[in-house]
Amino acid sequence: MALYNGITLPNAPDLENVRRLDLMVLPTINRMSRYGIAIDPDYLAELGSQFALEMADLQRDIASYIPAHALERFSASAAQIEEAEGSATINASSAEQIRTLLFDLLAVGRDQKLKTTGAGKTSTGRKNLDLCRDDHPVVPLVLQYRERAKLKSAFCDALPGKARLHPRAECCPVCELSHVEHTFRLHTEFPTTRAITGRLSSRNPNLQQIPIRTDLGSRIRAAFVASPGTKLVSVDFSGMEMRDLAHLANAESLLKLFRVGFDPHVNTAMKTFGIDDPAKVDKYLHRLPSKRTNFGIQNGTTEKGLHAQLVGDYWQAGITPPDWLTQEWCKGFIVSWHTVYPEVQPYFNTRYYLARRYGFVWDPWGRCRYIPQVYSSLPYKVHEGLREAQNFAVTASNAEQTKLAMAECEEIFTDLLDAGVWVFPLLSVHDQIIAEVEDDWATQVGEQMVHVFEHVMDDRDTRERLWRCPIRSDCEILDRWKAKD
DNA sequence: CAGCACGGCGCG
DNA sequence: ACCGCGCCGTGCTG
């Protein structure tokens, strides 16, 4: 019984097995790192100056809410005063100054229990601000400023400086056919033994954190471009963490959904809200909380955490959080969730037992994670360890599967390259692989990669499926990353 | 001026 | 008191 290249599923600690798996991806990530991915620096610069203008306006509007008697308590940096044409008196990037304005001067969130920072002061993080977004008109302004500041500094400003200029002959043979003279490419490092879960990491720059979740953010992603004459082929596992949970917990309630291809989040919504027709499930009102609960529960969330998350989600979707969305409601929702998927809690309990019994847990491939906190005398440390134990096998399995898929896709890439077709791996983002493929071959390579992904858990000898849950993957063919053509 | 801790936030 | 990462600006210190 073996997967690709002799990797096995011992379901017991097996460091030799995961060592071989970790080594298998080295040729691919080495090639990804050396070859790099092309960006459009002019586009990023243009986006960055747009953000700068909006930030200056927002900062001025925020400053206008400072009570006159408190003006001397603030000071914006010289550069920011200049950008705001001399009228700014607050540095909106300073959490300290925002905290003073919101909580000391404007009494925002006075009637709520808000999260505090390590130093015991009220946090100005997004979760807290979403909870008191209605208290004062300055709160949404701060959030809008924050979004732009993050996107500008971490991406528009930082990425172009890390790109290297490549003459076209160096980057790809297909470029010879193009009028484009050169490309700017980012050469990310992918450390393989950094993340405890067995995931790859990414740094200098981190390309696993390129925005996508907001409208503004996905405009950054569009700065990543296919080389001339090629397409970006992006293949990812579809809903894989839920599928892995279904297998690991042997949860028939989940497995039967995946076998017939029924969206588990829609199912959760129908069962917990008492809706009888899938068409009546609202994408935001019902499906979103169900989806969040699915992921939150996997990570050991509390009703308080889930509540803050959902309030933020609703604001983000442009919906004022409904009155019934309370911590109490979230508590009941979590209970309902476990009623709908009754095999999950017993699975978690087994993970807790293993962590306490052995001091470590492992995934089906044999990767181990030590959980020393379970022996702590501090209850919150124990709980911290139990959450890690609960989450580990799901995240780790996901990582092993992606690495198996990557190693097998490498055969597709190198075989075609030998045959004179331009195919090159660019990135891996946790549950997806992105490659650059000569125009005419993009669709076919995408289909081959999808096949690799969906059969990654098949026995190589008997073709028997070694995972209880069917595996599905999606493929996108793009000219720019996440900007459908 | 460089280095550091912190608060905050981007992604899966 | 939601898991796993890496990186930004601020504010302080040597």
Side-chain angles (χ1 to χ4, degrees), chain A residues 55 75-77 79-80 91-99 115-129 142-143 145-159 162 188-191 194-214 216-218 220-221 236-237 239-241 245 292-310 312 330 334 351 361 369 371 373 378-396 398-399 402 427-432 482:
Chain A
M55 285 163 66
S75 66
S77 73
Q80 284 170 329
N91 181 353
S93 295
S94 165
E96 196 58 57
Q97 294 186 26
I98 293 296
R99 174 158 39 238
K115 201 169 156 189
T116 59
T117 65
K121 291 176 283 189
T122 307
S123 166
T124 68
R126 194 173 46 214
K127 285 260 174 64
N128 270 2
L129 295 197
V142 172
L143 290 166
Y145 179 91
R146 287 256 176 88
E147 180 181 10
R148 285 158 181 76
K150 177 78 178 184
L151 295 177
K152 179 174 188 294
S153 65
F155 305 107
C156 298
D157 295 348
L159 292 181
K162 293 180 178 175
T188 297
E189 300 165 41
F190 294 95
R194 182 95 181 158
I196 300 174
T197 51
R199 279 179 165 186
L200 298 185
S201 179
S202 168
R203 67 182 183 195
N204 300 328
N206 179 354
L207 293 189
Q208 294 177 334
Q209 62 171 170
I210 301 305
I212 192 171
R213 291 180 187 173
T214 65
L216 249 37
S218 46
I220 304 266
R221 198 164 272 225
D236 66 344
F237 287 113
M240 197 56 183
E241 292 197 326
L245 178 63
R292 286 301 189 193
T293 307
N294 282 335
F295 286 104
I297 283 177
Q298 177 196 309
N299 293 331
T301 191
T302 59
E303 61 261 30
K304 189 173 179 174
L306 180 61
H307 177 253
Q309 174 77 59
L310 292 179
C330 290
I334 292 172
R351 307 307 296 182
V361 291
R369 174 170 189 171
I371 315 282
Q373 304 98 305
L378 302 172
Y380 82 94
K381 280 287 176 195
V382 175
H383 282 37
E384 192 179 290
L386 296 180
R387 285 197 304 273
E388 291 170 4
Q390 171 174 326
N391 164 288
F392 176 74
V394 174
T395 306
N398 198 345
T402 306
L427 292 178
S428 171
V429 187
H430 305 308
D431 66 348
Q432 61 185 297
K482 207 57 195 181

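The sequence lines fix the lettering, A, B, ..., with proteins before strands; numbering per chain opens at 1.
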Determine yes or no for a side-chain-to-main-chain donor-acceptor pair under 3.5 angstrom, with [X] supplying the side chain and [Y] the backbone.
{"X": "A:Asn299", "Y": "A:Thr301", "value": "no"}
{"X": "A:Gln298", "Y": "A:Asn391", "value": "no"}
{"X": "A:Asn128", "Y": "A:Ser123", "value": "yes"}

Given [options], identify the nucleotide with an atom nearest to the side chain of [X].
{"X": "A:Val429", "options": "B:dG12, C:dC2, C:dC8", "value": "B:dG12"}
{"X": "A:Asn206", "options": "C:dC3, C:dC7, C:dC2", "value": "C:dC7"}
{"X": "A:Ser201", "options": "C:dG9, C:dC3, C:dC5", "value": "C:dC5"}
{"X": "A:Pro211", "options": "B:dG7, B:dG12, B:dC11", "value": "B:dC11"}

Given the C1' atoms of B:dA5 and C:dC2, what is the spacing between them in whole Å?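 My reading of the C1' atoms in B:dA5 and C:dC2 gives 23 Å.
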[N] phosphate, OP1 or OP2, under 4.0 Å from [X] side-chain N/O:
{"X": "A:Arg146", "N": "B:dC9", "value": "yes"}
{"X": "A:Arg126", "N": "B:dG7", "value": "no"}
{"X": "A:Asn91", "N": "C:dT10", "value": "yes"}
{"X": "A:Gln390", "N": "C:dC2", "value": "no"}
{"X": "A:Arg387", "N": "C:dC3", "value": "yes"}
{"X": "A:Thr124", "N": "B:dG8", "value": "yes"}
{"X": "A:Asn204", "N": "C:dC7", "value": "yes"}
{"X": "A:Ser94", "N": "C:dT10", "value": "no"}

Which is more 5' along DNA chain C, the nucleotide nearest A:Gly305 or the one nearest A:Lys150? Just name the residue.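 Nearest-nucleotide comparison on DNA chain C picks A:Gly305.
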DNA chain C: 5'-proximal contact among A:Thr197 and A:Glu96 (nearest heavy atom):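 Its nucleotide being nearer the 5' end, the pick is A:Thr197.
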Can you tell me how far [atom2] of [N] sits from [atom1] of [X], to the nearest Å?
{"X": "A:Met240", "N": "B:dC11", "atom1": "CE", "atom2": "C1'", "answer": "19 Å"}
{"X": "A:Gln209", "N": "C:dC5", "atom1": "CD", "atom2": "C1'", "answer": "9 Å"}
{"X": "A:Asp157", "N": "C:dC7", "atom1": "CG", "atom2": "P", "answer": "16 Å"}
{"X": "A:Glu241", "N": "B:dC11", "atom1": "CD", "atom2": "P", "answer": "16 Å"}
{"X": "A:Phe295", "N": "B:dC11", "atom1": "CZ", "atom2": "P", "answer": "15 Å"}
{"X": "A:Arg369", "N": "C:dC3", "atom1": "CZ", "atom2": "P", "answer": "9 Å"}
{"X": "A:Phe392", "N": "C:dC5", "atom1": "CZ", "atom2": "C1'", "answer": "15 Å"}
{"X": "A:Ile334", "N": "C:dC2", "atom1": "CD1", "atom2": "P", "answer": "10 Å"}

Name the nucleic acid region contacted by [X], choosing base, sugar-phosphate or nothing; use a 4.0 angstrom heavy-atom cut-off, strictly under.
{"X": "A:Arg292", "result": "nothing"}
{"X": "A:Leu207", "result": "nothing"}
{"X": "A:Ile220", "result": "nothing"}
{"X": "A:Ala158", "result": "sugar-phosphate"}

Ignoring hydrogens, what is the shortest heavy-atom contact between A:Arg351 and A:Ala393? Give both atom names and the distance.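 Where A:Arg351 meets A:Ala393 most closely, the heavy atoms are NH2-CB, 3.7 Å.
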Is it the case that atom NZ in A:Lys115 sees more than 12 heavy atoms from other parts of the structure closer than 6.0 Å?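 Result for NZ/A:Lys115: open.
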Contacts to DNA chain C from residues 115-123 of chain A, heavy-atom cutoff under 4.0 Å, which residues?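 Hits under 4.0 Å, by residue number: none.
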Once rounded to the nearest 0.5 Å, what's the spacing between atom [atom1] of [X] and atom [atom2] of [Y]?
{"X": "A:His383", "Y": "A:Gln390", "atom1": "NE2", "atom2": "CD", "result": "11.0 Å"}
{"X": "A:Ile212", "Y": "A:Arg221", "atom1": "CD1", "atom2": "CZ", "result": "4.0 Å"}
{"X": "A:Ile196", "Y": "A:Arg369", "atom1": "CD1", "atom2": "CZ", "result": "4.0 Å"}

Does a side-chain N-to-carboxylate-O contact under 4.0 Å join A:Arg99 and A:Glu96?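 Here A:Arg99 pairs with A:Glu96 in a salt bridge, since their nearest N and O are under 4.0 Å apart.
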Do A:Arg213 side-chain and B:dG12 base share a donor-acceptor contact under 3.5 Å?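 Yes, a donor-acceptor pair under 3.5 Å.
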